[in-house]
Engineer: 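So that we are looking at the same thing, I have put the structure below in structure tokens.
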Amino acid sequence: MSKALLETHIRAALHPELLEIKDRSKAHSAHELSDGGGHYEVLVVAEQFHGLAPLARHRLVYAAVEGVPDIHALSVKAMTPEEMRQQAPAAPARRTFHLATD
Amino acid sequence: MTTIQDVIHEQITKHPIVLYMKGNAKFPQCGFSARAVQLLQQSGAKDFLAVDVLADPQVRDGIKQVSNWPTIPQLYINGEFIGGSDIMGDLFQQGELQKLVASTQVAEG
């Protein structure tokens, strides 16, 4: 089962504080080009993303799930725990810039 | 001999905005590609090169290698890999995609 495998792989690689995986396969089953693989949406909240640009964050997630079979599409949202706390609906919009420290 | 990497390199250097997608801008063949087109248009992109990867399996594999990115769509602006539709959505919400698009139009005069 791909969803459970996705979860195992992401947890092992990124030790997320929060991980949500939604299976959207049903919404796409009539997809013209569907090859039968699943569509998944993942939210990964992990400290490892700190200081990384979105591209680098997504690459970490892709690397973690490489080799999991039957994935047709993967939608990724990658945040740090700090960013998630700042995203509280009532909080004023505020931009924080992190410098990559290599 | 011209390799697929050469072809892709030429596309992304000759055109300020290139979207590798499934289908074309008018008839996207995948929800993620459709969203990418929509985000580009909402960001003010009047003209961009849309490359249909379904039309050429070599491009479909080649772009994944060039970008080291496993999924389609993929957006390039000013020769630089920006990301897929999730990242485009995030950048749009931050107003950054609009700035990137605007930078290409200023450059073209």
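Here is the naming used below: chain letters follow the sequence lines, and residue numbers restart at 1 for every chain. This one's a predicted model, so the numbers in the text were calculated from it and none came from an experiment.
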Engineer: How far apart are the closest heavy atoms of B:D86 and A:L74, and which atoms are they?
Structural biologist: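 Closest approach of B:D86 to A:L74: OD2-O, 4.1 Å.
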Engineer: Checking heavy atoms, do the side chain of B:L91, its backbone, both or neither come under 4.5 Å from chain A?
Structural biologist: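 Neither; nothing under 4.5 Å.
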Engineer: Heavy-atom count check: over 12 atoms from other residues, nucleotides or ligands less than 6.0 Å from B:Q5 CD?
Structural biologist: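 Yes - once you tally the heavy atoms of other residues, nucleotides and ligands closer than 6.0 Å, there are more than 12.
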Engineer: Looking at B:Q42, I want to see if its CD is surrounded by more than 12 non-hydrogen atoms of other residues, nucleotides or ligands under 6.0 Å.
Structural biologist: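 Count over threshold, so yes.
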Engineer: Show the nearest heavy-atom pair for residues A:L55 and B:G83, with the distance to one decimal.
Structural biologist: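 That would be CD2-CA, 3.9 Å.
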Engineer: To the nearest 0.5 Å, how far apart are OG1 in B:T71 and CD1 in A:I71?
Structural biologist: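 Between B:T71 OG1 and A:I71 CD1, I get 12.0 Å after rounding to 0.5 Å.
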Engineer: Just so I know, are the side chains of A:H58 and B:I87 near enough to count as touching, which here means a heavy-atom distance under 4.5 Å?
Structural biologist: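 Heavy-atom side-chain distance check passes, below 4.5 Å.
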